[in-house]
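No hydrogens, no waters, no symmetry mates; every other heavy atom, side chains included, goes into these values.
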Amino acid sequence: MSKCLVIGSSVCDCLIYTDVLPSREGDAHISNQKMQIGGCALNVAVTLKGLGVDFDFLSPVGQGMYGDFVASELAKLQLPIFRVEGENGCCYCFIEADGERTFLSYHGVEYSFQISWLENFDLNEYAYLYLCGLEVEEATGEELVDALTDFKGKIVFCPGPRVCEISSERITQLLSYEPILHLNEQEVYLMSGQQELSAAIEYLYAQTHAPVVVTLGSKGVLAYDGEWAECLSEKVEVKDTVGAGDSHVAGMLAGLLADHNLRDSLQLANRVAGEVVQVSGALLPKEKYLELRLNET
């Protein structure tokens, strides 16, 4: 049962590069802009595909200009296209000179969920299921969390920066499923209410009794599953950080699905994310994914 189900959004990312974001009422020139397919779940799916992982992808694609763009890009990536009624949204990604990004998102049906969409998926086939907090936050997030009540595999939950916008009841229900938590340093403080890193991680582990994985940017990753695991990252030149967390969790999943232990899976995750931050956007060339795969064998 070495297979993963990825549930979540595929969106049109509008990447806008500027030296620094202007203040309110300010004015600035941008150095470059482009449109490309994105979304947390899409980034995970493309990375898993590139790393040769067996997975299925459930990602609703809406209508309109952005929905048509996403459908066209999914076809190029040879990923399934699941069209639904309603407008597809987009994400404006403002990227400053140091590579840090700021998102302004217009959410459409790509973040929604209906339990009927799972009719063609046998949840018993999957060892892991990827889930993002952005979908859980939506009005249909309650239906999504309820649909996973009897899931027998392991959920990998990425709460995201808006974790405080998810109802406490929904978070409590999801944590009762004992998911692996994958989040960054800011998010672990928000989710735990703690102000010290190890205390925040241990607080969440006490609720899930499953690995808690915290990415620390250039410092690597710290994880706890009853024992501490710290994996440092190699220093690289950062172009932007779009999709860094998504690629990291996908690398971790690839390792776990290959029966690697947590530490080895996180080392692979660091390598994948380290490659992604060196390019514009979240997706790597096919040959780079192949290189990462060859280095694992």
Side-chain angles (χ1 to χ4, degrees), residues 6-18 30 32-51 55 57-84 86-96 99-113 130-138 158-162 182-184 187 215 238-251 253 269 272-273 275-286 288-289:
V6 177
I7 298 178
S9 63
S10 300
V11 302
C12 172
D13 280 346
C14 301
L15 303 180
I16 302 168
Y17 292 84
T18 181
I30 66 173
N32 190 26
Q33 65 176 337
K34 68 177 181 177
M35 291 172 56
Q36 69 179 30
I37 192 168
C40 295
L42 181 280
N43 294 337
V44 170
V46 172
T47 305
L48 291 177
K49 183 180 177 69
L51 295 175
F55 74 98
F57 186 41
L58 173 54
S59 183
V61 181
Q63 308 300 315
M65 176 179 70
Y66 296 123
D68 292 343
F69 174 83
V70 168
S72 173
E73 294 301 303
L74 286 173
K76 295 176 186 176
L77 293 167
Q78 297 182 312
L79 289 172
I81 303 169
F82 177 48
R83 300 301 293 261
V84 299
E87 186 180 6
N88 213 91
C90 67
C91 180
Y92 299 96
C93 311
F94 297 89
I95 302 165
E96 297 179 78
E100 194 52 74
R101 84 290 187 277
T102 301
F103 292 159
L104 289 176
S105 300
Y106 172 61
H107 281 196
V109 295
E110 73 276 11
Y111 286 97
S112 65
F113 177 80
Y130 165 86
L131 192 62
C132 175
L134 293 174
E135 282 75 33
V136 175
E137 176 191 341
E138 294 291 314
C158 299
R162 292 177 55 85
H182 185 284
L183 58 179
N184 65 27
E187 293 159 3
T215 58
V238 176
K239 185 158 190 179
D240 71 51
T241 59
V242 174
D246 305 331
S247 63
H248 193 278
V249 71
L253 274 166
V272 175
E275 294 292 343
V276 165
V277 298
Q278 296 179 71
V279 303
S280 175
L283 309 183
L284 296 173
K286 289 182 179 180
K288 183 57 68 173
Y289 288 122

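None of Cys158, Pro159, Pro161 except one satisfies the side chain to side chain contact (heavy atoms under 4.5 Å, CB included) rule with Leu183; the exception is Pro159. A side chain to side chain contact (heavy atoms under 4.5 Å, CB included) with Ser247 is found for one member of Val46, Val44, Leu284, Val272 and no other, namely Val272. Of the residues listed (Leu42, Ile37, Ile81), the one engaging Glu73 in a side chain to side chain contact (heavy atoms under 4.5 Å, CB included) is Ile37, and it is the only one.
Summarising the geometry, atom CD belonging to Gln36 is positioned 6.0 Å from atom CG belonging to Leu283; distances are rounded to the nearest 0.5 Å. For the atom pair CG (Asn32) and CD1 (Ile16), the distance works out to 10.5 Å, reported to the nearest 0.5 Å. One distance of note links CD1 of Ile30 with OG1 of Thr18; it measures 7.5 Å at 0.5 Å rounding. Interatomic distance, Tyr92 OH to Leu15 CG, rounded to the nearest 0.5 Å: 12.5 Å. In this structure, Met35 CE and Asp13 CG are separated by 9.5 Å, a value rounded to the nearest 0.5 Å. With values rounded to the nearest 0.5 angstrom, Phe55 atom CZ is found 11.0 Å from Leu253 atom CG.
The two residues Leu51 and Ala250 make their nearest non-hydrogen contact at CD1-O, 4.5 Å. When every heavy atom of Leu134 is checked against every heavy atom of His107, the shortest pair comes out as CD2-CE1, 4.4 Å. The two residues Lys49 and Leu79 come nearest to each other via the heavy atoms CD-CD2, 4.1 Å. The two residues His248 and Ala269 make their nearest non-hydrogen contact at O-CB, 3.1 Å.
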Kindly indicate, with the supporting measurements, whether the criterion side-chain contact (heavy atoms from CB on, under 4.5 Å) is fulfilled by His182 and Tyr130.
CA-CA 10 Å; His182 185 284; Tyr130 165 86; over 6 Å; no
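Between Tyr289 and Thr47, some side-chain heavy-atom pair lies under the 4.5 Å cut-off.
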Quick one: side chains of residues 59-69, donor-acceptor pairs under 3.5 Å with protein atoms, not counting sequence neighbours, listed by atom name and distance.
residue : atom : partner : partner atom : Å
Ser59   : OG   : Gly8    : O            : 2.9
Ser59   : OG   : Ser10   : N            : 3.2
Ser59   : OG   : Ser10   : OG           : 2.8
Gln63   : NE2  : Val84   : O            : 2.8
Asp68   : OD1  : Arg83   : NH2          : 3.0

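A 6.0 Å sphere centred on CZ of Phe103 holds more than 12 heavy atoms belonging to other residues, nucleotides or ligands. The environment of CD in Gln33 is sparse: at most 12 heavy-atom neighbours from other residues, nucleotides or ligands sit within 6.0 Å.
Applying the side chain to side chain donor-acceptor pair (under 3.5 Å) test to Tyr17 and every residue at least two apart in sequence or in another chain returns Asp240, Ser280. Applying the side chain to side chain donor-acceptor pair (under 3.5 Å) test to Lys286 and every residue at least two apart in sequence or in another chain returns nothing. With sequence neighbours left out, Glu138 forms a salt bridge (Lys or Arg N to Asp or Glu O under 4.0 Å) with no residue at all. Among residues two or more places apart in sequence or in another chain, the salt bridge (Lys or Arg N to Asp or Glu O under 4.0 Å) test is passed with Lys288 by Glu275, Glu291. Considering only residues two or more places apart in sequence or on other chains, Asn43 meets the side chain to side chain donor-acceptor pair (under 3.5 Å) condition with Asp246.
Of the possible polar contacts, one joining the Glu135 side chain to the Ser9 backbone as a donor-acceptor pair under 3.5 Å is found.
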